[in-house]
Amino acid sequence: MKFFLDTADIAEIREAQETGLLDGITTNPSHVAKSGRNFIELVREICEIVPGPVSAEVTAEGKDEMLRQGRFLADLAPNVVVKVPLTQEGLKAVKVFTEEGIKTNVTLCFSPVQALLAAKVGATYISPFVGRLDDIAIEGMQGIRDIRAIYDNYGFGTQILTASTRSAMHIQDAAIAGSDVATMPMALFKKLVNNPLTDIGLKLFDTDWNKIPEANRTY
Ligand code: E4P
């Protein structure tokens with residue numbers, strides 16, 4: 001499963017890039033607002049740091065303006081993925097982007113049937129939001145399992161990008177469900193490696209190692 005970072009924070013992106021685990025970036029208007037940066041300059045800079053796919057979201061509501069914005073964004077760098085909301089107008093725009101060879105990430109997906117529509121218009125990625133569903137007591141991860149089944153039933157190539165992740169369990173369950181990608185905030189990305197048993201085990205090995213006479217452990 002690929003790991004994307006869900007952020008527009010350049011320092012976080014550089015830090016994650018150094019781990020060797022980062023496959024791409026997803027941004028959204030909220031992340032861009034938080035950065036305080038010019039949107040276009042920011043997208044260019046992220047695309048220079050990360051060679052993998054970088055999602056940049058259109059903000060128009062109508063198809064024609066979505067197409068203008070998306071074409072402009074796609075021209076910024078070869079790794080830009082145009083992020084489009086899952087609305088009727090958005091799906092019409094995705095259909096055109098697909099025909100033009102522009103990669104798309106259909107966002108704000110909250111049901112498997114919505115994901116089916118995105119696949120039918122050729123979306124590159126579908127972003128089902130698991131955390132926001134969990135927040136209202138609907139199991140978000142069941143949606144990932146159902147979308148996997150639907151896409152496999154019909155051989156759709158659209159990649160499932162599990163979004164709105166909040167915990168290591170979301171990442172683990174997404175991988176078990178066969179999600180192609182999970183995007184996550186930096187705080188969660190950093191937590192994935194942690195396990196107290198690893199820390200305890202390491203301390204024990206270190207203690208025992210130091211019991212060995214130095215001549216027997218120097219190499
Ligand atoms: C995905 O592309 C979205 O930007 C993101 O995952 C939303 O997450 P949130 O529900 O934590 O805002």
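All ligand and atom numbering here is 1-based and tracks the order in the structure.
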Exercise for review: Verify the neighbour count for atom CD of E214: are there more than 12 heavy atoms of other residues, nucleotides or ligands below 6.0 Å?
Suggested key: no

List, for ligand 1, each N/O atom that has a protein N/O partner under 3.5 Å away, with both atom names and the distance.
unit_1   : atom_1 : unit_2 : atom_2 : d
ligand 1 : 2 (O)  : K83    : NZ     : 2.6
ligand 1 : 4 (O)  : D6     : OD1    : 3.0
ligand 1 : 4 (O)  : D6     : OD2    : 3.3
ligand 1 : 4 (O)  : N28    : ND2    : 2.7
ligand 1 : 4 (O)  : K83    : NZ     : 3.3
ligand 1 : 6 (O)  : D6     : OD2    : 2.9
ligand 1 : 6 (O)  : S164   : N      : 2.8
ligand 1 : 10 (O) : R132   : NE     : 2.7
ligand 1 : 10 (O) : S164   : OG     : 2.7
ligand 1 : 10 (O) : R166   : NH1    : 3.4
ligand 1 : 11 (O) : R166   : NH1    : 2.8
ligand 1 : 12 (O) : R132   : NH2    : 2.8

Exercise for review: Give a yes or no on whether E100 atom CD has more than 12 heavy-atom contacts from other residues, nucleotides or ligands under 6.0 Å away.
Suggested key: yes

Point to revise | Partner residues of D206 under the salt bridge (Lys or Arg N to Asp or Glu O under 4.0 Å) criterion, sequence neighbours left out | key: none

Practice item. For K92, check salt bridge (Lys or Arg N to Asp or Glu O under 4.0 Å) against everything at least two apart and list the hits. Key: E89

Practice item. Check whether the side chains of Q142 and R145 place a donor and an acceptor atom closer than 3.5 Å, and report yes or no. Key: yes

Point to revise | Test ring-ring contact (aromatic ring centres under 6.0 Å, His included) applied to F156 - qualifying residues, sequence neighbours left out | key: Y151

